[in-house]
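What follows is a single structure, written as structure tokens, with notes after it.
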Amino acid sequence: MREGILKAVANPPRILWASAMPAMINLFVQMPLMFMAIGVFDLNPLIFLISIICVHTAIAIYSAKEPHISTMMQSYGETRRVTQNLYKVKGSKFEP
């Protein structure tokens, strides 16, 4: 078996010690909020930069305990699909 595949599975992608997907979601949510708050309320951007760093640190700490959080987030979207093969009978019966 190739070592590259095992290494990719064993070491998920990280951005500054945090799992990649939660770190990118953090930036993609907080950056537009920061620019809107600066434009509308004339707030200091230092508040948002500190919150980005604090949330990123929390994500990095949680990623140290659960390194595959990105994969878990991706698979959660796949498991929420409702199957079309359930027929109404006494109870739920799966018909493939």
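None of the values given here were measured: they were computed from a predicted structure.
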Can you sort out the partners of Ile59 under side chain to side chain contact (heavy atoms under 4.5 Å, CB included), two or more places apart, ordered by chain and number? Ala18, Pro22, Asn26, Val55, Ser63
Gln30 CD to Cys54 SG distance, which is reported to the nearest 0.5 Å: 9.5 Å
Please report the interatomic distance CZ(Phe48) to CE(Met31), rounded to the nearest 0.5 Å. 11.0 Å
Evaluate Met34 against Leu49 for side-chain contact (heavy atoms from CB on, under 4.5 Å), listing each step before the verdict. CA-CA 8 Å; Met34 177 179 73; Leu49 294 177; 4.2 Å; yes
Spell out, yes or no, whether Ile61 and Ile69 are grouped together once hydrophobic residues are joined by side-chain heavy atoms under 4.5 Å, including indirect joins. no
Is Tyr62 reachable from Ile15 through a run of hydrophobic residues whose side-chain heavy atoms are each under 4.5 Å from the next? no
In one Ile/Leu/Val/Met/Phe/Trp/Tyr side-chain cluster, 4.5 Å: Leu27, Ile38: yes
Can you see which heavy atom on Glu66 is nearest to which on Ser19, and at what distance? O-OG, 4.5 Å
Do the side chains of Ile52 and Trp17 join up, straight or via other hydrophobic residues, at under 4.5 Å, putting them in one cluster? no
Which atom of Pro67 lies closest to which atom of Lys65, heavy atoms considered: CD-O, 3.6 Å
Hydrophobic clusters join Ile, Leu, Val, Met, Phe, Trp and Tyr when side-chain heavy atoms are under 4.5 Å apart, directly or via other members; which others share one with Leu46? Ile50
Heavy-atom closest pair (Leu16 atom, His56 atom, distance to 0.1 Å) is O-NE2, 3.2 Å
Would a hydrophobic clustering, with Ile, Leu, Val, Met, Phe, Trp and Tyr connected at side-chain separations under 4.5 Å, put Phe28 with Ile53? no
